[in-house]
Amino acid sequence: MKLYNSITKSVEPFTPLENNRVRMYSCGPTVYSYQHIGNLRTYTFSDLLKRSLQFAGFRVLHAMNVTDVGHLTDDADAGEDKIERAARAAGRDAWAMTEIFKAKFFEDCAGLNILPPDIVCRATDHIAEQIAMIQKMEDKGLTYCNADGIYFDTTKFNPITDLSNMRIQASEEYSRVGTGEKRSSYDFSLWKFSPTGAKRQMEWESPWGVGFPGWHLECSAMSMKYLGETFDIHTGGIDHIPVHHTNEIIQSESVTGKTFAKFWVHAGWLSFGDSEKMSKSAGGTLLLDNILAHGYDPMAFRYLMLTAHYRGPLKFTWEALDGAATALSRIRDFLAESDLSQGNIIESYISTFREHILNDLDTPKGIATLWTLLKDNKVKKDDAARTIIEMDKVLGLRLLLHVSGKTDLEVPAEVLALLTERTALKAAKDYAGADAVRDQITALGFEVMDTPKGPALKLL
RNA sequence: GGUGGCGUAGCCAAGUGGUAAGGCAAUGGUUUGCAAAACCAUCAUGCAUCGGUUCAAAUCCGAUCGCCACCUCCA
């Protein structure tokens with residue numbers, strides 16, 4: 001299997017550190033709000049990666065964090081904790097609020113057929129581990145304390161893993177970010193003191209004073225706790241490269257003296273083809289719920305995401321989603337007419353498909369292979385269907401639900417009666433009457449299709 | 001100003017040196033009472049623009065234009 005590694009900025013052969021087992025960590029959501037469809041693209045990507053690793057024959061141990069404290073509104077450490085701010089603005093309890101958004105996040109993931117991670121860990125459940133990490137850094141003389149909290153002194157340590165080609169070069173004259181309490185703009189917060197005179201909803205005792213952990217720390221502490229000091233793959237959104245992941249590496253490697261993660265794999269941005277802006281602050285977010293409310297199947301959105309390469313940008317437009325929905329529906333119709341039990345996996349097609357997927361998760365080519373197979377007249381339909389279902393282990397489009405025998409429609413008696421009536425009217429050549437009845441059936445949510453075998457119904 | 005990236009048909013999108021994948025839409029046809037669905041066929045001498053390198057360029061180089069992201073909240 002080959003994967004793009006942000007460290008080397010190239011596609012490299014991937015082999016696990018330990019035999020057949022892959023240990024993978026994904027930066028999860030910050031649960032101060034809903035996750036929009038751009039966020040969900042990143043999690044769909046990590047799911048695709050996990051499924052592809054499994055398809056390649058690896059066993060995957062997958063951990064994901066839930067950030068429920070400490071993620072500031074400003075990566076330069078000068079902002080406010082997003083959780084606290086959102087909770088205060090809504091007049092809610094921060095603890096209850098994060099639980100709600102966390103639950104909603106996993107509900108959306110389930111909707112998109114994103115497999116649950118083996119381990120889900122919350123920052124607030126790992127305060128002790130984070131404090132212990134800071135102490136190790138302090139023992140090595142890599143930290144300093146100021147009025148704001150404990151900071152990592154980036155001038156005192158050079159990490160083994162070099163992500164610095166992506167390091168933000170702060171331009172003195174242009175940057176609107178001051179160093180604040182920091183000695184260097186590259187330094188980052190490990191522990192923030194609670195503001196004097198104000199009690200935070202979330203705060204803990206520490207050897208340095210009451211406060212809360214810096215955002216980057218949780219990922220280091222939890223990933224190493226569950227996956228070891230060096231593990232195989234770390235994933236996240238492409239925006240995490242310059243600050244969050246760079247800092248994770250620095251602090252982790254400063255503590256262990258070992259390479260933190262071997263592969264860093266990042267998902268590209270979802271953007272909007274129209275002028276609609278997608279940002280949380282602009283309030284222009286689009287949620288999975290919005291897509292569902294428009295009547296789309298979540299699998300149509302997943303299909304759309306798979307037609308683009310995970311690293312590149314993807315323009316979301318309703319027109320593109322329409323196209324994806326239609327394409328998916330045609331695949332489903334094809335499967336519904338097939339008998340899986342009579343089908344065998346076609347080796348030539350599945351190996352081409354596998355080749356594409358194992359080459360840095362090339363789902364666009366994988367899907368193109370699926371269509372070539374679907375339209376190949378030389379292939380027995382049942383065999384094609386069986387092979388497509390095999391492909392779906394990676395694609396995760398829940399195609400098995402649409403194979404014949406699995407989608408028995410529950411047609412109301414009323415609709416069946418109308419269908420019988422229409423057939424009779426047709427036989428009597430009363431076409432106006434037959435069309436009127438067809439309209440009634442349509443109004444009840446079913447489409448009438450006249451096939452060579454007689455009339456058939458499809459759920460609209 | 002710095003950094004990363006992008007510009008391929010009406011839409012989405014593959015394609016990093018060898019002559020433009022795939023899907024949607026559209027058009028024509030088969031079928032149908034008519035539709036729909038299905039099936040067949042057609043659909044970029046062209047890859048933002050202009051130069052250059054090469055036997056060969058969407059792919060490499062230079063310039064120009066436009067767009068996006070990060071450096072200020074984002075995955």
Side-chain angles (χ1 to χ4, degrees), chain A residues 6 9 26-30 32-33 35-46 71-76 78-80 82 85 165-178 185 235-244 266-274 277-282 285 303-309 311-331 333-334 337 356 362-372 374-375 377 425-427 429-432 434-435 438-439 442 447-452 456 458 460:
Chain A
S6 296
K9 299 181 87 171
S26 298
C27 275
T30 300
Y32 68 106
S33 180
Q35 299 292 299
H36 56 61
I37 60 172
N39 297 307
L40 292 172
R41 184 188 182 198
T42 299
Y43 304 112
T44 305
F45 146 70
S46 53
H71 191 169
L72 304 183
T73 56
D74 176 349
D75 279 347
E80 192 182 356
K82 292 178 181 186
R85 185 174 72 167
N165 53 347
M166 294 291 287
R167 180 60 120 161
I168 298 300
Q169 300 300 315
S171 158
E172 286 296 323
E173 54 183 313
Y174 199 77
S175 177
R176 278 161 276 179
V177 186
S185 58
T235 72
I238 201 164
D239 59 306
H240 275 159
I241 296 174
V243 178
H244 183 51
H266 295 98
W269 218 254
L270 182 76
S271 67
F272 285 75
D274 48 33
K277 280 286 175 188
M278 166 63 76
S279 71
K280 288 187 180 179
S281 60
T285 63
Y303 181 92
L304 175 64
M305 290 189 279
L306 294 174
T307 60
H309 190 88
R311 266 192 286 131
L314 170 61
K315 269 185 273 186
F316 178 89
T317 64
W318 290 104
E319 199 177 349
L321 185 60
D322 265 336
T326 306
L328 179 63
S329 143
R330 289 186 59 198
I331 296 171
D333 288 348
F334 178 87
E337 293 164 9
H356 289 140
D362 196 343
T363 51
K365 279 191 180 156
I367 287 178
T369 303
L370 185 156
W371 280 101
T372 308
L374 191 148
K375 295 188 167 185
N377 295 325
L425 288 167
K426 262 184 73 177
K429 297 203 187 299
D430 178 2
Y431 295 123
D435 289 350
R438 182 166 64 194
D439 289 343
T442 305
E447 181 182 349
V448 181
M449 293 182 295
D450 290 324
T451 72
K458 185 182 172 185
L460 281 174

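Chain letters run A, B, ... following the sequence lines, proteins first, then strands; residues in each count from 1.
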Regarding Ala327(A), tell me which of base, sugar-phosphate or nothing describes its non-hydrogen contacts under 4.0 Å with the strands shown. sugar-phosphate
Mind running side chain to side chain donor-acceptor pair (under 3.5 Å) on Ser26(A) and Thr235(A) for me, showing each step along the way? CA-CA 5 Å; Ser26(A) 298; Thr235(A) 72; 2.7 Å; yes
Counting side-chain heavy atoms from C-beta on, which of rC24(B), rA21(B), rA13(B) comes nearest to Ala368(A)? rA21(B)
For rG2(B) and rA63(B), measure between their P atoms and round to the nearest Å. 13 Å
Mind checking ring pair (Phe, Tyr, Trp, His ring centres under 6.0 Å) for Tyr43(A) and listing every partner two or more places apart, or none if nothing turns up? Phe105(A)
Do Ser6(A) and Ile241(A) have side chains that get closer than 4.5 Å, going by heavy atoms? yes
Nearest-neighbour nucleotide for the Thr326(A) side chain, rA25(B), rA36(B), rA75(B) considered: rA25(B)
rC65(B) and rU19(B), which share atom name P, separated by this distance in whole Å: 34 Å
Identify each atom pair where a protein N or O and an N or O of nucleotides 14-16 of chain B are less than 3.5 Å apart, giving names and distance.
unit_1	atom_1	unit_2	atom_2	d
rA14(B)	OP1	His309(A)	N	3.0

Between Asp239(A) (CG) and rU3(B) (C1'), how many Å, whole number? 14 Å
May I ask you to test the His309(A)-Thr363(A) pair for a side-chain heavy-atom distance under 4.5 Å? no
Of all heavy-atom pairs linking Ala434(A) and Lys426(A), the shortest is CB-CG, 3.9 Å
With C1' as the reference atom in both, quote the distance from rA26(B) to rG18(B) in angstrom, rounded to an integer. 32 Å
Please identify each residue that fulfils side-chain contact (heavy atoms from CB on, under 4.5 Å) with Ala325(A), with sequence neighbours left out. Tyr296(A), Ala300(A)
Closest of rG33(B), rG23(B), rC12(B) to the Trp371(A) side chain is rG23(B)
I'd like the C1' distance from rG17(B) over to rU59(B), given in whole Å. 7 Å
Reckon Leu370(A) touches a base, only the sugar-phosphate, or nothing at all at heavy-atom distances under 4.0 Å? nothing
Quick one: does Arg41(A)'s side chain have a donor or acceptor within less than 3.5 Å of a partner on Trp269(A)'s backbone? yes
Nearest-angstrom distance from the residue atom CZ of Arg41(A) to C1' of rA69(B): 13 Å
Pair partner, rU49(B) [Watson-Crick or wobble, under 3.5 Å]: rA63(B)
Sequence neighbours left out, what passes side-chain contact (heavy atoms from CB on, under 4.5 Å) with Thr42(A)? Give chain and number order. Ala267(A)
Which base sits across from rA20(B) as a Watson-Crick or G-U pair, both distances under 3.5 Å? none
With centres under 5.5 Å and planes under 30°, do Tyr431(A) and rG33(B) count as stacked? yes
His266(A) and Ile238(A): which non-hydrogen atoms are nearest, and at how many Å? CB-CA, 3.9 Å
Among rA37(B), rG10(B), rG33(B), the one nearest any side-chain atom of Glu319(A) is rG10(B)
For rA35(B), the nucleotide meeting Watson-Crick or G-U wobble distances (both under 3.5 Å) is none
Can you tell me the distance, in whole Å, between the NE2 atom of His240(A) and the P atom of rC71(B)? 11 Å
Sequence neighbours excluded, the answer for side-chain contact (heavy atoms from CB on, under 4.5 Å) partners of Asp430(A) is Leu425(A), Ala432(A)
Nearest whole Å is fine: how far is rA37(B) P from Arg438(A) CZ? 12 Å
Given that both distances must come in under 3.5 Å, which nucleotide forms a Watson-Crick or G-U wobble pair with rA57(B)? none
Nearest-Å distance, NZ (Lys429(A)) to P (rC34(B))? 11 Å
Whole-Å P distance, rA41(B) and rG22(B): 12 Å
Between the protein and nucleotides 39-42 of chain B, list every N/O to N/O distance that falls short of 3.5 Å.
unit_1	atom_1	unit_2	atom_2	d
rC39(B)	OP2	Arg330(A)	NH2	3.2

Interatomic distance where CG belongs to Leu314(A) and C1' belongs to rU8(B) [whole Å]: 16 Å
Are Arg330(A) and Asp333(A) within salt-bridge range, i.e. N to O under 4.0 Å? no
With the side chain counted from C-beta on, respond yes when Leu374(A) and Ile331(A) share a heavy-atom pair under 4.5 Å apart, and no when they do not. yes
What is the distance from CG of Asp322(A) to P of rG23(B), rounded to the nearest Å? 17 Å
Is Trp269(A) stacked on the base of rA75(B) when the test is centres under 5.5 angstrom and planes under 30 degrees? yes
Once you round it to whole Å, what is the distance between P of rA38(B) and CG of Asp333(A)? 6 Å
Let me know, please, whether Ala320(A) or Gly28(A) comes out on the 5' side of the other along RNA chain B by nearest nucleotide. Ala320(A)
P atom, rG28(B) versus rC68(B): distance in rounded Å? 38 Å
With rounding to whole Å, what would you report as the distance between rG4(B) and rA21(B) at their P atoms? 33 Å
Could you work out the separation of rA44(B) and rG29(B) based on their C1' atoms and round it to a whole Å? 24 Å
Once you apply the 3.5 Å cut-off to both distances, tell me the Watson-Crick or G-U wobble partner of rU27(B), or none. rA41(B)
